[in-house]
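Working notes, structure below.
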Amino acid sequence: EEAFANNLDIRSALARVDAARSQVTLAQSYLMPSVDLGANAGRSRISANTSPALPAGTPQTSNLYLLQLKASYELDIWGKYRSGLLAATNDYVASQYYRESVRITVAAEVASDYFRLRAADAELKLLQDTLELRSETVRLQRDRFEGGIIGEYDLRSAQAERSAVVADVARTQQAISQLEAAIATLTGRTPRAVFTPEVARGAVIDDVTEVPALPAGLPSGLVERRPDVRRAEALMASSDLRIQQAKANYFPSISLTGAFGVESAAMSSLFSGPAAIWSIGAGLLQPVFGLKAIEAQVELATAQHQDTLVQYQQTVQVAFKD
């Protein structure tokens, strides 16, 4: 529970989910009309020297007030934006499966390190008991050596055996420190807590653990439930849609525009009937000299799709191996 709440890898994965969700919202916006409200106010003066033909009495200064609502919409005839939305949706799904993969990995690492820590604790206790026996043997052999019962070789052998146990105790203590630091890191504790970790041992292992029994004949279809496999599938679908999105740039884009507002030289008459203005239009844009860039985008999307295919195959291989 501590790792799920504080692990930095999990928090990073959650941030990826939020980012992917925002990308979906952005892709959805491209399918909707763009509506903007604009307001302008200005005052200008013309030169009498450059405009000598002006009628007498024409003011050289004038005001202009404008309030306008503009709308534009690009028809998604070739499916460019629909493909982008579907690709972003698959990326979002992939980010959710990535988060679940990270959670499973973190849980497995915490459990593995914890059981290794408890095993190291048990090994240290056994080594400490052995060290007491070896120390007692050295004292006994020294007394026998001083009494002339044994030779120096037997005494040195006993001392060497004790020294070997001392070295094993040191290595095990180092392993315990490393495992505690690893658990502190996995649970997202502070650097000080990682440097001087305190990991609670909990109940007696034998009282709370039981080896799970796996049924025989597990179907291979179980690998489809793995979040890493599903993530690879979602990324593969997303990359395929990116190819369609890139190819749509070959075709012309058709845009509809419209505007409605009011314009007047005086603020007092800005909202009067004669001040109304409006416009509508349609436009077509066909790439001509940018086809090479579009071709490069298509090739890039195709190569990325091939990469996701290979990654999917690798993920499935790892799943069967596991």
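Start at 1 with the first residue, then count along the sequence.
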>> With a sphere of 6.0 Å drawn around CD1 of Ile280, does it hold more than 12 non-hydrogen atoms of other residues, nucleotides or ligands?
In response: no
> If you round to the nearest 0.5 Å, how far is CG of Leu8 from CG of Leu186?
Replying inline: 10.0 Å
>> With rounding to the nearest 0.5 angstrom, report the CG to CD distance, Asp168 to Glu123.
In response: 7.5 Å
> Within the side chain of Asn7, is there an N or O that forms a donor-acceptor pair under 3.5 Å with the backbone of Gly188?
Replying inline: no
> So which heavy atom on Asn6 is nearest to which on Arg11, and how close?
Replying inline: O-CD, 3.7 Å
> Counting distance only, does the side-chain N/O of Asn90 pair as donor-acceptor with the main-chain N or O of Ala237 below 3.5 Å?
Replying inline: no
>> Quick check for you: to the nearest 0.5 Å, what is the distance between Thr137 atom OG1 and Leu155 atom CG?
In response: 11.5 Å
> Can you list the steps and then say if Arg201 with Glu180 is a salt bridge (charged side-chain N to carboxylate O under 4.0 Å, His left out)?
Replying inline: CA-CA 10 Å; Arg201 298 306 196 260; Glu180 288 178 331; 2.9 Å; yes
>> Atom OH of residue position Tyr73 - does it have more than 12 heavy atoms of other residues, nucleotides or ligands inside 6.0 Å?
In response: yes
> Could you state the interatomic distance from OH (Tyr65) to OG (Ser268), rounded to the nearest 0.5 Å?
Replying inline: 9.0 Å
> Are Glu100 and Arg231 within salt-bridge range, i.e. N to O under 4.0 Å?
Replying inline: no
>> Does Arg142 form a side-chain contact (heavy atoms from CB on, under 4.5 Å) with Glu146? I'd like the steps, not just the answer.
In response: CA-CA 6 Å; Arg142 181 179 291 109; Glu146 292 175 354; 3.6 Å; yes
>> What verdict does the side-chain contact (heavy atoms from CB on, under 4.5 Å) test give for Leu66 and Ile277, after you've listed the backbone C-alpha separation in whole Å, the side-chain angles of each residue and the deciding distance to 0.1 Å?
In response: CA-CA 10 Å; Leu66 174 67; Ile277 58 173; 3.5 Å; yes
> How about Leu67 and Leu37: do any of their side-chain heavy atoms sit closer than 4.5 Å?
Replying inline: yes
>> Give me the atom names and distance for the closest heavy-atom approach of Ala158 to Val138.
In response: O-CG2, 3.5 Å
>> Applying a strict under-4.5 Å side-chain criterion to I, L, V, M, F, W and Y, I'd like to know whether Val93 and Leu235 cluster together.
In response: no
> Lys321 versus Gln317: any side-chain heavy-atom pair under 4.5 Å?
Replying inline: no
> Of the non-hydrogen atoms in Ala20 and Ser95, which two are nearest, and what is the gap between them?
Replying inline: CB-OG, 3.6 Å
>> Are more than 12 heavy atoms, taken from residues, nucleotides or ligands other than Lys247, located less than 6.0 Å from that residue's NZ atom?
In response: no
> When rounded to the nearest 0.5 angstrom, what is the spacing between CD in Gln174 and OG1 in Thr172?
Replying inline: 10.0 Å
> Which is it for Ser22 and Thr25 under the side-chain contact (heavy atoms from CB on, under 4.5 Å) test, yes or no, and what are the steps along the way?
Replying inline: CA-CA 5 Å; Ser22 299; Thr25 304; 5.5 Å; no
>> Tell me whether Leu85 shares a hydrophobic cluster with Tyr81, the cluster being built from Ile, Leu, Val, Met, Phe, Trp, Tyr side chains joined at under 4.5 Å.
In response: yes
> Would you call Asp154 and Arg144 a salt bridge, using N to O less than 4.0 angstrom?
Replying inline: no
> Does some side-chain heavy atom of Leu131 sit less than 4.5 Å from a side-chain heavy atom of Arg162?
Replying inline: yes
>> Within the structure provided, determine whether Val17 and Tyr92 are in side-chain contact (heavy-atom separation under 4.5 Å).
In response: yes
> Are Leu69 and Phe271 linked, directly or through other ILVMFWY residues, by side chains that come within less than 4.5 angstrom of each other?
Replying inline: yes
>> Between Asp76 (side chain only) and Leu31 (backbone N and O only), is there a donor and an acceptor less than 3.5 Å apart?
In response: no
> When you measure from the side chain of Ser112 to the backbone N and O of Ala108, does any donor-acceptor pair fall under 3.5 Å?
Replying inline: no
>> Is there a side-chain contact (heavy atoms from CB on, under 4.5 Å) between Gln297 and Gln245? Walk through the geometry before answering.
In response: CA-CA 10 Å; Gln297 292 175 352; Gln245 184 182 21; over 6 Å; no
> What is the minimum heavy-atom distance between Leu124 and Val169, and which atoms define it?
Replying inline: CD1-CG1, 3.9 Å
>> Would you say that more than 12 heavy atoms from the other residues, nucleotides or ligands in this model lie under 6.0 Å from the CD of Glu224, or not?
In response: no
> Which heavy atom in Phe251 sits nearest to a heavy atom in Gln286, and how many Å separate them?
Replying inline: C-OE1, 3.8 Å
> Distance-only, no hydrogens or angles: does the Ser239 side chain make a donor-acceptor pair with backbone N or O of Gln304 under 3.5 Å?
Replying inline: no
> Hey, does the side chain of Ser269 reach the backbone of Ser272 with a donor-acceptor pair shorter than 3.5 angstrom?
Replying inline: no
> Quick one: does Asn40's side chain get under 4.5 Å of Leu64's, heavy atoms only?
Replying inline: no
> Mind checking whether Ile77 and Leu256 sit in one hydrophobic cluster, side chains of I, L, V, M, F, W, Y counted as touching below 4.5 Å?
Replying inline: yes
> Should the heavy atoms of other residues, nucleotides or ligands under 6.0 Å from CD of Glu198 be counted, would the total exceed 12?
Replying inline: no
> Do Gln306 and Val310 touch side chain to side chain, with heavy atoms closer than 4.5 Å?
Replying inline: no
>> Please give me the minimum heavy-atom distance between Pro252 and Trp78, naming the atom from each residue.
In response: O-NE1, 2.6 Å
> Is the shortest heavy-atom distance from the side chain of Ser238 to the side chain of Arg242 under 4.5 Å?
Replying inline: yes
>> Side-chain heavy atoms nearer than 4.5 Å, only ILVMFWY residues, links allowed to pass through others: does that put Leu309 and Val229 together?
In response: yes
>> If you define the side chain from C-beta out and look only at heavy atoms, does anything of Val110 sit under 4.5 Å from Val106?
In response: yes
> If you measure from the Lys or Arg side-chain nitrogens to the Asp or Glu carboxylate oxygens, is any gap between Glu233 and Arg230 under 4.0 Å?
Replying inline: no
> Between OG1 of Thr196 and CZ of Arg189, what distance do you get to the nearest 0.5 Å?
Replying inline: 10.5 Å
